[in-house]
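Worksheet: the structure to be examined is printed underneath.
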Amino acid sequence: MALNIYNTLSRQKEEFKPLHEGRVGMYVCGPTVYSHSHIGHAKSYVSFDIIVRYFRFLGYKVLYVQNITDVGHLLDDGEDRMLKQSKIDKVHPMQVAETITHSYFEDMDALGVLRPDISPRATGHIIEQIELVKQLLEKGFAYEVKGSVYFDVRKYKDYGKLSGRSVEEMVEGTRVETRSDKRAPQDFALWKKADPEHIMRWPSPWGEGFPGWHIECSAMSMKYLGDRFDIHGGGLDNQFPHHECEIAQSECATGHAFATYWIHNNLVTVNGQKMSKSLGNFVTLKDAFKKFNPLILRFFILQSHYRSPLDFSDEALRGAGAGLEKLLNTVRNLRHELARAGTESRTADALIDLAMFKARLRETMDDDFNTPQAIAILFDFSREVNTLLNTGTPYTAASLLAIDRVYREFGGDILGLIPEAIETGGSSNGAMEGGLIQLLIDIRKEVRAQKLWALSDAIRDGLKNIGITLEDKKDGTTWKRG
RNA sequence: GGCGCGGUACCCAAGUGGUUAAGGGAGAGGUCUGCAAAACCUUUAUGCGGCGGUUCGAAUCCGCCCGGCGCCUCCA
């Protein structure tokens, strides 16, 4: 079965066909680095992380570009986000950018989001942006007014094709007062003249100024991926106006199509309410991580589809935490068995229809990256694995390894939920802690043999209190954290 | 006002024309166990917001209605 992707441009699922055989060029709108990342960022970048991982699993050579916006993102009142934050913090805007960029990657790393191949900064590509604006002026798609340059939306017939809006509708819907220096209210800035007190400024053919927000993504995506590439992604909220403007600029500048597939992830709500900075109910990842392990957040996000909205609540997160633990527990037990299988003479082959499970997983991921369905299949798979492990039958290392490979490929490589190394308990990792716990387990075994239950339970409860859980199995006791 | 998305069990959430409506959490009962924990088994929607329609057949398509949310203005 071929990979099918929902393309916002056509509003339907389409079979993925790369522009260049075996390669995928992908650009995703990255964060504006003025404040710490929140759970909305997590949903977006985890979603695209899955897409990148799955393409790589399928054997594509992926070039993943995700920008860092550190200039040009203007607020309603025309003030630059970066400048506003720098005034609040009383530091240089580039210091804000640097601090928040570090913070962003720290949070994404915690969530298991693989780093983009290229993370271009807008301020590092002023020259490219100016070049693009010059091209648009030369071709007559833009006009200059008092040191600022605007894109003339009426010159581009397809404006609105991504978001399904017409220019006429937009005029009617415009609430903000029409800026006097624009020819039409829908026109958007490519380059803005800098006021005297504006710190972030660069020389240009139109005087000192700074780039508009939309232009950076056109300039940087085309610089690194070519003026045509496969996938452009971002949050649904960027569909309009940001992506619509990007398409207009890029297609007018090059004279041909821009990105082939447009992918948009849905947004996040908190306790049923829209999460927004103006409402002040946004949850930063650093705060969320204090309550929930980052992997639990990742699991929670992947348990719903990327095109579905996701509502965050503590109850839902707790449920996700229990679910993830169930999954990891099985893998932990499997690897524990695997560690022993190598040293004991094992006889039986573990009988699970691995080919069937792998085919189901492939099929469901091929259907527009259906991660919730994939997770459900992993749970089906785990039920069989648990049953197998509970029989106490000795299995060959090879057959257990084959089972583990399914977890590694789909649960690890693709979904990023199952860590390379899970605490296996029992087996000594050379750490003193592990040795001490094993010593207590051995002593407790003796105590239990003498049926001294009170003492036996005291050991187990004591360990539980310091975060170590013992589990008595048919063939011995194992331990885990938590 | 314009555009768009979805209403599936106590909670989260797949499924989008056809055998018994996935999966996870929570609850209940059971098996195993000294007891726990974990695991496994059984169980919790004759029904998928409501009302009509199309069809041999609809949660799935169409229409209307009722509530929910998002975008149109900065946000991933």
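Keep in mind that this is a model prediction, so the values were computed, not measured. In what follows, every chain begins at residue 1, and chains take the letters A, B, ... in the order their sequences are listed.
Residue A/Val28 is classed as having no contact, given no heavy-atom separation below 4.0 Å to the nucleic acid. Residue contacts shown for A/Asn386 are limited to sugar-phosphate atoms, with no base heavy atom under 4.0 Å away. Within 4.0 Å (heavy atoms only), A/Thr269 reaches no atom of the nucleic acid at all. If you check every strand for non-hydrogen atoms under 4.0 Å, A/Ile39 touches nothing. Among the heavy atoms of the strands lying under 4.0 Å from A/Asp237 is at least one base atom, whether or not backbone atoms are also near. Among the atoms of the strands shown, base atoms are found under 4.0 Å from some heavy atom of A/Ser456. A/Gly40 comes within contact range of at least one nucleobase, with a heavy-atom separation under 4.0 Å. Across all strands shown, A/Lys326 has heavy atoms under 4.0 Å from sugar-phosphate atoms exclusively, and none from any base.
Taking the P atoms as reference points, B/A59 lies 10 Å from B/G18, given to the whole Å. The separation of B/A58 from B/U19, taken at their C1' atoms, amounts to 15 Å, rounded to a whole angstrom. B/G49 sits 40 Å from B/A38 when the C1' atoms are compared, rounded to a whole Å. Straight-line distance between the P atoms of B/C62 and B/G17: roughly 11 Å, to the nearest whole Å. Between the P atoms of B/A13 and B/G7, the separation comes to 10 Å (whole Å). B/C10 and B/U44 have their P atoms separated by 13 Å, given to the nearest Å.
Residue A/Asn238 has no polar side-chain atom (N or O) positioned under 4.0 Å from OP1 or OP2 of B/A76. Using a 4.0 Å cut-off, some side-chain N or O of A/Asn370 falls inside it from OP1 or OP2 of B/G15. For B/A76, the OP1/OP2 oxygens have a side-chain nitrogen or oxygen of A/Thr32 closer than 4.0 Å. For the pair A/Arg383 and B/A38, the criterion of a side-chain N or O lying under 4.0 Å from OP1 or OP2 is not met. Side-chain N/O atoms of A/Thr469 include none lying less than 4.0 angstrom from OP1 or OP2 on B/A38. An OP1 or OP2 oxygen of B/A26 is reached within less than 4.0 angstrom by no side-chain nitrogen or oxygen of A/Arg318.
Note that the CG atom of A/Leu3 and the NZ atom of A/Lys13 stand 11.0 Å from one another [nearest 0.5 Å].
Map A/Asp457 and A/Phe299 each onto its nearest nucleotide of RNA chain B; the residue landing nearer the 5' end is A/Phe299. Between A/Asn265 and A/Glu325, the residue whose closest nucleotide on RNA chain B is further toward the 5' end is A/Glu325.
With a 3.5 Å ceiling on both atom-pair distances, the Watson-Crick or G-U wobble partner of B/C10 is B/G25. Base pairing of B/C61 is made with B/G53, judged by Watson-Crick or G-U wobble geometry with both donor-acceptor distances under 3.5 Å. Nucleotide B/U31 forms a pair with B/A39, judged by Watson-Crick or G-U wobble geometry with both contacts under 3.5 Å. As the counterpart of B/U46, no nucleotide is assigned, since no Watson-Crick or G-U wobble pattern has both distances under 3.5 Å.
Aromatic ring orientation, A/His242 versus A/Trp213: parallel (interplanar angle below 30°, classes split at 30° and 60°).
Sorted by first and then second residue, the salt bridge (charged side-chain N to carboxylate O under 4.0 Å, His left out) pairs with a member in residues 446-455 of chain A read A/Arg448-A/Asp472; sequence neighbours excluded.
At a cut-off of 3.5 angstrom, counting only N and O atoms as typed in the model, there is no donor on one side facing an acceptor on the other between the side-chain of A/Asn266 and the base of B/G70. A donor N or O paired with an acceptor N or O is found under 3.5 Å between the base of B/C35 and the side-chain atoms of A/Arg460. Residue-to-nucleotide contacts include no donor-acceptor pair under 3.5 Å from the side chain of A/Asp311 to the base of B/C12.
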Run A/Arg53 and A/Asp413 through salt bridge (Lys or Arg N to Asp or Glu O under 4.0 Å) and show every step you take. CA-CA 7 Å; A/Arg53 284 166 177 263; A/Asp413 297 344; over 6 Å; no

CA sep, side-chain torsions, deciding dist, call: A/Ile403, A/Leu388, side-chain contact (heavy atoms from CB on, under 4.5 Å): CA-CA 11 Å; A/Ile403 292 170; A/Leu388 208 68; 3.9 Å; yes

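Contact annotation: the side chain of A/Lys358 approaches that of A/Phe410 to within less than 4.5 Å [non-hydrogen atoms, C-beta and beyond]. Annotation: side chain of A/Pro211 is not in contact with side chain of A/Leu190 (no heavy-atom distance under 4.5 Å).
Nearest nucleotide to the A/Glu471 side chain, out of B/A38, B/G24, B/C72: B/A38.
B/G24 has no base stacking with the ring of A/Phe379 when judged by centroids under 5.5 angstrom apart and an interplanar angle below 30°.
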